[in-house]
Amino acid sequence: MPVIRGRIPAFPNSVPVIVVGAGAAGAVAALAARDKGAKVMVLDRDASPTGATALSSGMIPAAGSPAQRAREIEDSPELFAADIQAKSNGRSAAHLVDAYTRASVATLEWLEKAAGIRFELVDGVPPGHGAARMHALAERGGSALLSSLYKALAAGGVRVQSAARVTDLYLDDDGRVRGVRYERNGRELLDVGCSALLVATNGFAGNRDLVAQYLPDVRGLPFAGHDSSQGDAMSWAGDLDAAIEDADGFLAHSSVVMPDRLQLPWALMTEGAIQVNSDGERFGNEHEGYSESALFVLAQPEGLAFNIYDERVHEVGLTMPNYPEAVSKGLIKRAATLPELANALGIDREGLEQSVALANAFAFEDAVDDFGRQFHASQMLLAPYYGVQVTGALLGTEGGLAIDADGRVLRKDGAPLPNLLAAGGAARGISGDAGGGYLEGNGLLAAVVGGCLAGRKAAELAY
Ligand SMILES: Cc1cc2nc3c(=O)[nH]c(=O)nc-3n(C[C@H](O)[C@H](O)[C@H](O)COP(=O)(O)OP(=O)(O)OC[C@H]3O[C@@H](n4cnc5c(N)ncnc54)[C@H](O)[C@@H]3O)c2cc1C
């Protein structure tokens, strides 16, 4: 993935703004640049682009929205920013956290006005958030969000060229991107010129070599994200003299069924499930956070864990994404007794019985256990029992190209490159430099709000 410096071809076609990647970040950025009057072309490597966005919940956090006010929910960008920083121990990039939280409501309102995409407030306060502030389409889900964005792009006359993988960037001697080369349908190589380039190619979680280089501690985790996350932006960074920040940050999940790549709802844990290893023993506080907990699972025999719960928790699961699919695939085991469940899951019977008895004893007393988990009497586990084999898995990376609050890519000396922007997972995120820094919604907040800010700036820099 080279950056070609100084040898600028005579481009047969030019577009003021090129956006590379048609996930949430690229699609929103393209809409924002178009809305500011720039002509835009979007290039995506996949024949039917979906990206990680389509695998997500499609829920975007925003603080201080009219929907929140209508339900008398007190919230503000400051409270939201404090929650993001609390999760990462104050290690999230402050300029991005502040910019994204402040622009969160205005971005959703602009998407409604400019693109006809209507968001509603989702019930419930996700762990680590101080208020109900997730906003989503009525249909829910990342695919629905992406389809709405594509409809708006088509209506705005923005062309999304699929099966178009950008391989090379053309840079002049002043460090200005003059165009890109892309591979169409895996064969033909085409050049197209631009006056501003916006990279929205997501992170590098799907690239084992880059994961081993930047995230050695998590390289043992299987990958359950989108295969197009190959870290092309990271490969370009060196030749661009661009800085990379927070490369140690990642998004993982501790309840993924492999090889199906089925991420089970975290609500199973918060509603009372426990997680044990093949000896039937608990090994941590299941409420700690799904990203960092993935590493606890990795440390268990064969990297496996088993979520154990009961009918009440199962019923909650049935209302959540992915769980019904796990049920229909026969992945969820049900048994009248714990020995039968242990047998169905292939784990130690006595260990399981002891763990459930101990968890119920803590629950009976509303007590906190040695791992720091608060148990509740209303969440005692009762027959019939349910269980599922899971593992920890890597979903995404949180580090990337250093950017300013407008999405301009920064050089190692801190100065912005003249006409290069980045948004979403290709850029530095807002989760700091460790897996424990990821607060639910950070990914889509950066993609949608960061995409909007960067798209507007790209239009301004284009001519
Ligand atoms: C299973 C899963 C669940 C998640 N759940 C949530 C959630 O509930 N909430 C949340 O906030 N975040 C969630 N995330 C994270 C969130 O999905 C991402 O942070 C966000 O979607 C990133 O958007 P993006 O546009 O940067 O990347 P993507 O949506 O991945 O889009 C990148 C696009 O770039 C294209 N591309 C890559 N390289 C090239 C190239 N060289 N040339 C052309 N095109 C290229 C790809 O084909 C892809 O379409 C989840 C992630 C996963 C994997």
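Order of appearance sets the numbers: ligands from 1, and atoms from 1 within every ligand.
- Under a 4.0 Å N-O distance rule, the pair R408/E460 does not qualify as a salt bridge.
- Under the 3.5 Å distance criterion, the side-chain polar atoms of E398 are left unmatched by any main-chain donor or acceptor of G429.
- Between N202 and ligand 1, a contact under 3.5 Å exists for at least one N or O pair.
- Against a heavy-atom cut-off of under 4.0 Å, G225 is close to the following atoms of ligand 1: 53 (C).
- Only side-chain heavy atoms of Y438 come within less than 4.0 Å of ligand 1; its backbone N, CA, C and O stay farther off.
- Judged purely by distance below 3.5 Å, without hydrogens or angles, the side chains of S431 and N442 pair a donor atom with an acceptor atom.
- By the 4.0 Å N-to-carboxylate-O rule, E286 lies close enough to R373 to be salt-bridged with it.
- The parts of L444 lying near ligand 1 are both backbone and side chain, judged by heavy-atom distances below 4.0 Å.
- Taking every non-hydrogen atom of L43 and a distance limit under 4.0 Å, the qualifying atoms of ligand 1 come out as 43 (C), 44 (N).
- A donor-acceptor pair under 3.5 Å is absent between the side-chain atoms of N185 and the main chain of R187, judged by distance alone.
- Per-residue contacts place D46 under 4.0 angstrom from the following atoms of ligand 1 (heavy atoms of the residue considered): 47 (O).
- For a threshold of 3.5 Å applied to N or O pairs, the pair formed by A24 and ligand 1 contains at least one separation below that value.
- Heavy atoms of Q263 come nearer than 4.0 angstrom to ligand 1 in at least one pair.
- Heavy atoms of other residues, nucleotides or ligands lying less than 6.0 angstrom from CZ of R71 number more than 12.
- Ligand 1 has a nitrogen or oxygen under 3.5 angstrom from a nitrogen or oxygen of D44.
- A salt bridge does not link D35 to K113: none of the charged nitrogens lies less than 4.0 Å from a carboxylate oxygen.
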Working for side-chain contact (heavy atoms from CB on, under 4.5 Å), residues F306 and K333
CA-CA 11 Å; F306 302 83; K333 309 293 177 203; over 6 Å; no

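- Between R45 and ligand 1, a contact under 3.5 Å exists for at least one N or O pair.
- The shortest N or O to N or O distance between A426 and ligand 1 is not under 3.5 Å.
- Using cut-offs of 30° and 60° on the angle between ring planes, the pair F80 and H129 is tilted.
- For the pair A164 and ligand 1, a heavy-atom separation below 4.0 Å is found.
- Side-chain atoms of D246 never come within 3.5 Å of backbone atoms of G399 as a donor-acceptor pair (strictly under, hydrogens ignored).
- In this structure A252 satisfies the side-chain contact (heavy atoms from CB on, under 4.5 Å) test together with L221, F250, S291, A294, sequence neighbours excluded.
- Of all the atoms in ligand 1, the ones that sit under 4.0 Å from a non-hydrogen atom of S228 are 37 (C), 46 (C), 47 (O), 48 (C).
- When the options G443, S57, G429 are ranked by their closest heavy atom to atom 9 (N) of ligand 1, first place goes to S57.
- With sequence neighbours excluded, the residues that form a side-chain contact (heavy atoms from CB on, under 4.5 Å) with R69 are P66.
- Remark: among candidates S56, G424, A25, the nearest residue to atom 5 (N) of ligand 1 is S56, based on non-hydrogen atoms.
- Closest heavy-atom approach to atom 23 (O) of ligand 1 within the set T397, T53, T50, V160: this belongs to T53.
- For ligand 1, one of its N or O atoms has an N or O atom of A52 under 3.5 Å away.
- I403 places none of its side-chain heavy atoms less than 4.5 Å from the side chain of K457.
- Neither the backbone nor the side chain of L445 comes within 4.0 Å of ligand 1, counting heavy atoms alone.
- Checking only distances, V166 does come within under 3.5 Å of ligand 1, N or O to N or O.
- Taking a cut-off of under 4.0 Å to the non-hydrogen atoms of G51, the atoms of ligand 1 that pass are 28 (P), 29 (O), 30 (O), 48 (C), 49 (O).
- Close approach to G425 involves these atoms of ligand 1, each under 4.0 Å from a residue heavy atom: 26 (O).
- Q68 places a side-chain N or O within donor-acceptor distance of the main-chain N or O of G64, the cut-off being under 3.5 Å.
- Of all atoms in ligand 1, numbered sequentially from 1 with element shown, those under 4.0 Å from a heavy atom of A447 are 23 (O).
- Heavy-atom separations between A200 and ligand 1 include at least one value shorter than 4.0 Å.
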